[in-house]
Every structure is written in structure tokens, then in C-alpha cells.
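Along the sequence shown, the residues carry numbers beginning at 1.
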Amino acid sequence: MQKIRFFEDIEAWKKARILANSIYDLTEKPKFARDFGLRDQIQRSAVSVMSNIAEGFETQSDRHFISYLFRAKASAAEVRSQVYIAFDRRYILQTEFDSVLKIALETSRLISGFLSYLGSPRKQLRGSANA
């Protein structure tokens with residue numbers, strides 16, 4: 001794995017950004033937008049995924065980073081759970097459900113892969129120019 005200089009270089013963060021934007025797009029739909037509780041919670045959960053990856057990376061400690069990655073993975077699961085409710089309440093279509101669920105699962109898999117990498121013997125993770 002090449003060294004990572006900024007959290008924006010992390011593939012899991014990039015996918016989490018796509019997830020967050022997808023959630024924001026879905027929650028703009030009129031029926032979804034009126035369910036303030038679910039709308040706000042799923043938006044917070046989606047933003048939490050990318051935020052925890054970024055915050056954890058900036059701790060400059062792999063031990064802390066791993067903890068933040070587990071939180072990010074848990075938030076991705078929370079998004080998945082909430083998407084089921086949105087689908088059950090008919091706020092989103094089957095195709096939208098399938099798409100966002102796929103993105104959330106891909107995000108979780110990337111985070112899991114990163115966790116495996118951090119837990120194994122490796123070369124230095126971070127580049128020399130951490131901001």
C-alpha cells in the first residue's frame with residue numbers, strides 16, 4: 001500500500017463521501033424530507049462515517065485510528081439499517097435502496113480491509129508530509 005499523506009487519499013473516505021452525498025440526495029425527496037427524525041439521523045450517520053475516518057487519521061496514532069475506523073464502520077451499519085426504514089416507509093424506490101445499500105456495503109468493506117491492514121505487520125502507513 002502506498003503511503004497516505006492526507007485523509008482525502010483514503011479509499012474508504014472517498015467511498016464514505018459518495019455515501020453521504022447519496023443520502024443527502026435521497027433525503028431531499030418530499031416524503032423523506034418531511035420525516036425530520038429519520039432524515040436528520042440518517043444524514044448524521046452518513047456524515048459520521050467520513051468524519052470518523054478523517055478524525056481518526058489525524059490523530060497520528062494507529063491505535064486511535066483503528067478505534068475511529070470501528071466507529072466509522074458502525075455508522076455505515078447504522079446508515080444501512082436506516083435505509084431499510086426509508087424503503088419500508090416508501091420514501092425511496094427499490095433502485096434507490098439497492099444503490100445506496102451497495103455503496104454502504106462497499107464503504108464497510110473498505111473500512112474492514114483498512115482495519116485488517118492496520119492490524120498486520122506492515123511498512124509505514126503515513127507519508128512524511130502529514131498536515
Task: L110 reachable from F65 in the ILVMFWY side-chain graph, under 4.5 Å edges - done: no
Task: Euclidean distance, L115 CG relative to L69 CG, rounded to 0.5 Å - done: 5.0 Å
TODO: Say whether, by atom type as modelled, one donor and one acceptor occur between the side chain of E96 and the main chain of L93 under 3.5 angstrom.
DONE: yes
Task: Over all atoms of both residues, closest heavy-atom pair of Y68 and T59 - done: CE1-CG2, 3.6 Å
Open item on the list: Please determine whether a side-chain nitrogen of the Lys or Arg among K14 and E11 lies less than 4.0 Å from a carboxylate oxygen of the Asp or Glu.
Closed with: yes
Open item on the list: Evaluate R80 against S108 for side-chain contact (heavy atoms from CB on, under 4.5 Å), listing each step before the verdict.
Closed with: CA-CA 10 Å; R80 290 193 345 254; S108 289; 3.6 Å; yes
TODO: Could you walk me through whether F87 and L101 pass the side-chain contact (heavy atoms from CB on, under 4.5 Å) test, one step at a time?
DONE: CA-CA 11 Å; F87 179 70; L101 194 66; over 6 Å; no
Task: Distance (rounded to the nearest 0.5 Å) between K73 NZ and R109 CZ - done: 9.5 Å
Open item on the list: Ignoring hydrogens, what is the shortest heavy-atom contact between L38 and Q82? Give both atom names and the distance.
Closed with: CD1-CB, 3.9 Å
- [ ] Check for a donor-acceptor pair, side chain of D9 on one end and backbone N or O of F6 on the other, with a separation under 3.5 Å.
- [x] yes
Open item on the list: Side chains of S75 and R71: any donor to acceptor distance under 3.5 Å?
Closed with: no
- [ ] Hey, could you give me the NZ/NZ distance between K31 and K29, rounded to the nearest 0.5 Å?
- [x] 9.0 Å
Open item on the list: With a sphere of 6.0 Å drawn around CZ of F97, does it hold more than 12 non-hydrogen atoms of other residues, nucleotides or ligands?
Closed with: yes
Task: Hydrophobic cluster membership, F57 vs V47, 4.5 Å side-chain cutoff - done: no
Task: Side-chain heavy-atom pair V49, I111 within 4.5 angstrom cut-off - done: yes
Task: Taking every non-hydrogen atom, the tightest pair across I42 and R39 - done: CG2-O, 3.4 Å
Task: Nearest-0.5 Å distance, OG1 of residue T107 to CH2 of residue W13 - done: 12.0 Å
Task: Atom of A72, atom of I53 and distance for their closest heavy-atom approach - done: CB-CG1, 3.8 Å
Task: Gap separating the OG1 atom of T95 from the CG atom of D98, nearest 0.5 angstrom - done: 7.0 Å
- [ ] Please report the closest heavy-atom contact between V100 and S22, naming both atoms and the distance.
- [x] CG2-CB, 4.1 Å
Task: Minimum-distance pair of heavy atoms, taken over all atoms of A20 and M50 - done: CB-SD, 3.9 Å
TODO: Describe, in one word, how the ring planes of F32 and Y91 are oriented to each other, choosing from parallel (under 30°), tilted (30 to 60°) and perpendicular (over 60°).
DONE: tilted
- [ ] Starting from the C-alpha separation in whole Å, work towards a yes-or-no answer on side-chain contact (heavy atoms from CB on, under 4.5 Å) for I85 and D35.
- [x] CA-CA 11 Å; I85 295 297; D35 187 334; 5.8 Å; no
TODO: Could you tell me whether a side-chain N or O of S48 sits under 3.5 Å from a main-chain N or O of R44, the two making a donor and an acceptor?
DONE: no
Open item on the list: Do F114 and I66 land in one hydrophobic cluster if side-chain heavy atoms of ILVMFWY residues count as linked below 4.5 Å?
Closed with: yes
Open item on the list: Can you tell me how far apart CD (E28) and CD (Q43) are? Round to the nearest 0.5 Å.
Closed with: 8.5 Å
TODO: Say whether I92 and Y24 are linked into one hydrophobic cluster, either directly or through other cluster members, by side-chain heavy-atom distances under 4.5 angstrom.
DONE: no
